[in-house]
Amino acid sequence: MTQTVSANAPEASRVLIFDTTMRDGEQSPGASMTLREKLELAELLEEMKVDICEAGFAASSEGDFQCVSQIAERSRDMVVCSLARSTLTDIDRAGEALRKAARPRIHTFISTSPVHMKHKLRMGENAVLEAIGASVTHARNYVADVEWSAEDATRTEFDFLCRAIDVAIRSGATTINVPDTVGYSHPAEYGALIRRLIETVPSSDRVVWSTHCHNDLGLAVANSLAGVANGARQVECAINGMGERAGNAALEEIVMALRVRRDSLPYETRVDSRKLSRASKMVSSITGFPVQYNKAIVGKNAFAHESGIHQDGMLKNSQTYEIMNPEDVGVPSTSLIMGKLSGRNAFRDKLKSLGYELEQASLNDAFRRFKDLADRKKHVFDEDIIALVDDQLAGAQERMSLRRLKVVAGTDGPQTAEIELVIDGQPSAAQSTGNGPVDAVFNAIRSLSPHAAVLELYQVNAVTEGTDAQATVSVRLSEAGLVATGKASDPDTLVASARAYVHALNKLEVRRSKALPAD
């Protein structure tokens, strides 16, 4: 058969991205996808300009056949590929599924390692070589673009691997894939294997060399990049690193590594990296597999900074701690996570983004209260900071404030509150009981600041989620036609209740003296 160069062969510096999320990725236990979900994902992959989509294993089920067939019919620019074992019936099924594809590819494979040939295939070397020749030749009857893979290539004897690849090329394969099927190899070893194969196999310059690395030792991306550096020009990968066992090389990591490190990896892909975050979220949503928070490129914390030192550096120049722009992968912006390690500059910047401009003294007080809150609360959200500052601003001019509160509650009773207020600069303390802890707190406040106001509203809301969420308490008091509402926030609901009650009393007193209208 006359050998032709693959129509998909890239330029010397170009790396083809072969996405196998819908085939190998779906083999992750529990990660099955519906036809509709696969069609949506294929549409996004084409938008992203992924070069090849392995849409499924057409012979494995009617569902996979329909998936490959419908994606093949809809795609125009992206190569659509079906996996097939070396059996002729598998290849027939793949050829039929790809019948309407604008750019079809059949990907056929067979094991070549001694352990696989003996225990899985129960075939000798000659039988395997015959199967390679027959399967690739048959696939060429359907499509001009045939990929052949040596399953478990990294545990295959080198001389036999060369013979197998030579048979595949002479039979018409246009892409040769060298899988590290069990994630056994390491970068220096895998890169050397790719280079040695290219240098040894006849007509190696007539095909595209491909990597397919599994992540059992956490080296899938590193091995794939080592393969590229040594001559491979196609990388088989999956979004979020989905795949068998520990998964595949992560598509988003391959794309961004080649983009960010072009100084030492002078290669490029055509993938629109701005859609990586969207693709990651889609796959996570479809499969129900959450993305690890510190996952490279697309993890929730990939562009988040909590350390005060890091935040200060980021505010001065983002390149101090970020090697890529979040916008480049579809993340709107860097996130400065406010927590106990955050510094004053980051806190000031966060307040500014939330619409607050505080004088230095107020800023210092707000920062102190923020630090206190961060020590008590696992995650400090924007809503927490807003509540904290609003509470501070509301109490800035009040004549009465809470200094200390101790409450005894529970089934035994009586519920008791010990409270200390600062009134006109002077501390005053009292102790009271009540029908529940909140009633005891309010009775104690009433004993220190006697009044005839009626409690019209007592309402508690959580600012954010979680058992450590801040509580925002609203209290409404009315007296002789005057109404005042007080609000306060604190992780301790009783502290928030006391502050809200005191806040309402302060506002009520102002209205008494100035006869101000109600809120």
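In this structure, K275 pairs ionically with D272, as a charged nitrogen and a carboxylate oxygen lie closer than 4.0 Å. Residues R163 and D159 are not paired through a salt bridge, judged by the lack of any N-O separation under 4.0 Å between the basic side chain and the carboxylate. Using a cutoff of 4.0 Å between basic side-chain nitrogens and carboxylate oxygens, D216 and R245 are scored as salt-bridged.
Defined by atom type and a distance below 3.5 Å, a donor-acceptor pair is missing between the side-chain atoms of S111 and D152. Side-chain atoms of D180 and H212 include no donor-acceptor pair closer than 3.5 Å. S280 and N240 share a donor-acceptor pair across their side chains, judged by distance under 3.5 Å alone. Using a 3.5 Å distance cut-off with no hydrogens or angles, the side chains of S185 and T154 do not pair a donor with an acceptor. A donor-acceptor contact closer than 3.5 angstrom is absent between the side chains of Q66 and S69. Side-chain contact, K281 with S285: no donor N or O sits under 3.5 Å from an acceptor N or O. A donor and an acceptor atom, one from each side chain of R85 and T108, are nowhere located under 3.5 Å apart. For H214 and T181, the side-chain atoms include no donor-acceptor pair closer than 3.5 Å.
Contact annotation: the side chain of E46 approaches that of D77 to within less than 4.5 Å [non-hydrogen atoms, C-beta and beyond]. Between M22 and L41, some side-chain heavy-atom pair lies under the 4.5 Å cut-off. At a threshold of 4.5 Å between non-hydrogen side-chain atoms, the residues R99 and Y142 do not count as touching. When side chains are defined from C-beta on, L219 counts as touching P187, because their heavy atoms get closer than 4.5 Å.
Within the structure, salt bridge (charged side-chain N to carboxylate O under 4.0 Å, His left out) contacts touching residues 51-69 (residues at least two apart or in different chains) are R14-D51, R23-E54, K38-D64, D51-R270, E62-R93.
In the displayed structure, E47 atom CD is contacted under 6.0 Å by more than 12 heavy atoms of other residues, nucleotides or ligands.
Counting only distance, with no hydrogens or angles, the side chain of R155 and the backbone of V115 share no donor-acceptor pair below 3.5 Å.
Separation of atoms CG (L83) and OG (S60) is listed at 8.5 Å; rounding is to 0.5 Å.
In this view, E147 and R105 satisfy the salt bridge (Lys or Arg N to Asp or Glu O under 4.0 Å) rule, not counting sequence neighbours. With sequence neighbours excluded, no residue forms a ring pair (Phe, Tyr, Trp, His ring centres under 6.0 Å) with H116.
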